[in-house]
Amino acid sequence: MLKKRGRRRLWAVLGTMLLAAALGVCALAASDVPKAVLNARESVVRIMTEGAMGSGFALSENSVYVVTNHHVIEGAETIEVIVDDTRWTTARVYVDLPGKDICILKTDKPLRGMPGLPLRSDAVETGLAVYALGYPGAADDFSQEFATGVDSITVTDGIVSAVRQSRAEGLQTTWAIQTNAPISPGNSGGPLVDAGGRLVGINTFIMLEGQNVNGSIHVRELLTVLQQNDIPYRKAAPGFAGVLLVVLAVAAALGVCAALLLRLRRRGAVSGKPMREKAVPLPVFLAGGGRMDRLRATRAVRELAQRLASMPEVSRALHPENILVRSGTLELKRAHGAGKRPGASVCAGYSAPECYNGSAGMAAAVYFLGAVLYALTEGRAPQDVIARAGGAELVFEEQTPLVPLLNRAMALNEAYRIAAPAQLAQELAQVEAQLAAAQPAQTVPAQELPQAQRAALQEAAPLGPFAPQGSGGTPGAGYAPSAVCTPQAPRRKKRGWKIALAVGLPLVLLGGGFLGYSLYAWNEIETAQAYEQYTQAYEWYERAPWLWELDEQRGQYTAAWVLVERGELSEAAQAFRELGDYADSGELAEKCNTYIRAQTVV
């Protein structure tokens, strides 16, 4: 089960994110002119020629391309692009479309420090709030000085009054935006941006016979020119709705991971089975009913004896808490935890008699190793030296080659005990060979005793180490129990959260990446369709075919338009007819047939 603290942290993070979003919305609402619009002024330049002046804007960071109107530079021999009082450069015409009143200049040197305006990718609809930026000539008369620089750029606001095709004098049929945002001479060629600072159109003309009837060339016309001439430009980032969808998708994926983690942990708790093999101290291993077969325990203690024989100081390591059991092997944790405390080397059932007098040597290490081997094979700690000095003997379930060896390793009289861990390792190797010969097939894995037997053995095993009280040297007299080595409750081995992380994290990354790519592809499709670039939209459908399945009629409509762009009118007419009354498919099918008949007559 997930911890309460973890759940509280999760809710705290989500609450912080929602609060930050709310504060951001409030901050935007509190500003009369959005900050993004004010920042967009950094991409605006002033255009000067021999007989005219106007505005323009950069397309990308440190760009050499500037967009303006054709009528601003018409007939000019010298064109100057002015950023501010200290930065200006000359430019030449790179692309000129008089019929669209669009001109793209290429400057003689890059416009350093200019970020460039992103092009709006969403559809431009009636009622959209827009802002016209530029250098109107009347502003110079107002201030009686030549205006340059960001602070001199004027900002006027309004809305999109209509989006229509314009047939103004001197222009071809061109997509244009009608707006009531005030535009004056000098604003021509400047950008019309939305509240996000994204380019909506190019300020172009005003209708003198109307009131607040002004026109801008639609951004779709500019986009077509840029793509046809391979001119780099900035694309607008996904809108707030797209970002919100990504956040929600990631949150949902995290929720799935949390649910998976919760399920795995609960399954582990119900089954009661260890979820991961983990090294545990010897007392914990025994308290949980752990036990090794004699061959494996002999081998493990022999390897431990060899390690102790090479250690210059072993007294601080002789503590059962420092012996870790993992998968039938023993690990030594030196001078850590209980083993570092003064007097902690005296442990019930594991310490030699001389340890109580503070004169422990290598023979005491042999006694400790013998006690560890006894505990592993019998499933319980041996009786302490006080009980044994009173006449109690070591109890074995059956007679094996280990019994005489353990009696010699754990002899109360140091003179009769095996002298050093190195010698004990040699004798254990001989016993190991005998045990291996007795059961050549395979060793019995570590197993748990039945609950009743485990409880009986734990009741029989005495608890509590004995520390010296006074200076008596005879075991069994004048001893009092010190800090008891209380067996800890067995810890259930946990692996669920790691499994959930290993499974869930890739799912989160893949899911977030898939959703992000899908949103990006869908945005590209909508943008291309809004700009009537159906071939480009169809290419994105091929890259993300699952989007076709989401709205199959829209995909077929796009494919029909691709046939029109290729000149395959018969196939296009048939494709539109199959769409029935979807959008303007019926009308388009008739137009295709009309074109086909006209070509036949010619």
Side-chain angles (χ1 to χ4, degrees), residues 17 19-46 55-63 65-68 83-84 111-136 149-161 163 177 179-183 187 189-203 214 216-220 222-223 226 232-247 516 519-520 523-524 526-527 530-531:
M17 293 173 59
L19 179 60
L23 291 176
V25 172
C26 292
L28 290 174
S31 176
D32 292 334
V33 177
K35 186 176 181 181
V37 174
L38 298 178
N39 291 339
R41 296 178 301 170
E42 299 178 1
S43 302
V44 179
V45 297
R46 189 163 193 172
S55 303
F57 55 92
L59 289 167
S60 58
E61 186 176 2
N62 301 326
S63 178
Y65 298 102
V66 172
V67 178
T68 188
V83 179
D84 52 36
L111 301 176
R112 299 293 182 186
M114 301 200 76
L117 283 179
L119 275 60
R120 179 181 172 92
S121 57
D122 302 333
V124 179
E125 299 176 347
T126 300
L128 177 70
V130 290
Y131 303 82
L133 310 179
Y135 289 97
V150 172
D151 294 334
S152 299
I153 297 172
T154 62
V155 180
T156 57
D157 65 334
I159 63 170
V160 173
S161 303
V163 178
I177 297 172
T179 176
N180 63 348
I183 297 175
N187 274 117
L192 185 71
V193 300
D194 61 12
R198 300 172 296 179
L199 182 70
V200 172
I202 308 170
N203 301 324
N214 307 304
S216 300
I217 303 300
H218 200 295
V219 65
R220 69 165 62 173
L222 174 62
L223 184 63
L226 298 178
Y233 61 92
R234 283 183 60 190
K235 291 185 178 180
F240 176 76
V243 175
L244 181 61
L245 286 175
V246 173
V247 171
L519 290 173
Y520 179 80
N523 182 70
E524 291 291 326
E526 286 193 327
T527 301
Y531 297 153

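Quick caveat, the model's predicted, so the values are computed rather than measured.
- Looking at R120 and L128, their side chains come closer than 4.5 Å, going by heavy atoms from C-beta outward.
- To the nearest 0.5 angstrom, L38 atom CG is 5.0 Å from R41 atom CZ.
- Once rounded to the nearest 0.5 Å, the distance linking CG of L192 with NE2 of H218 reads 10.0 Å.
- Atom CG of L59 and atom OH of Y65 lie 9.5 Å apart (nearest 0.5 Å).
- Put simply, the side chain of T126 never gets that close to the backbone of V160: no donor and acceptor are under 3.5 Å apart.
- The side-chain heavy atoms of L199 and L222, taken from C-beta on, include a pair separated by under 4.5 Å.
- Taking the side chain as every heavy atom from C-beta outward, T154 and Y135 never approach each other to under 4.5 Å.
- Legend: residues meeting side chain to side chain donor-acceptor pair (under 3.5 Å) with N214, ordered by chain and number and at least two apart, are absent.
- Nearest heavy atom pair, residue A58 against residue L111, reads CB-CD1, 4.4 Å.
- Contact of the S216 side chain with the I202 side chain is not registered, since no non-hydrogen atoms from C-beta on lie closer than 4.5 Å.
- For V150 against E42, the heavy-atom pair with the smallest separation is CG2-CA, 4.1 Å.
- Scanning all heavy atoms of the two residues, the minimum distance from V37 to D194 falls at CG2-O, 3.4 Å.
- Going from atom CZ of R234 over to atom CZ of R198 covers 11.5 Å, rounded to the nearest 0.5 Å.
- Contact detail for S161 and N180: the closest heavy-atom pair is OG-N, 3.7 Å.
- You'll find the side chain of P136 reaches within 4.5 Å of the side chain of N187, heavy atoms only.
- By the side chain to side chain contact (heavy atoms under 4.5 Å, CB included) test, S43 is found to be paired with P115, L117, residues two or more places apart in sequence or in another chain being considered.
- Residues D157 and V33 are not in side-chain contact: their nearest non-hydrogen atoms beyond the backbone lie 4.5 Å or more apart.
- With a 4.5 Å cut-off on side-chain heavy atoms, S55 and L133 do not count as touching.
- Side chains of V200 and V219 form no contact here, defined as non-hydrogen atoms less than 4.5 Å apart.
- Pairing each heavy atom of N203 with each of A132, the nearest pair is ND2-CB, 3.8 Å.
- Here the shortest heavy-atom pairing between A181 and G158 reads CB-N, 3.9 Å.
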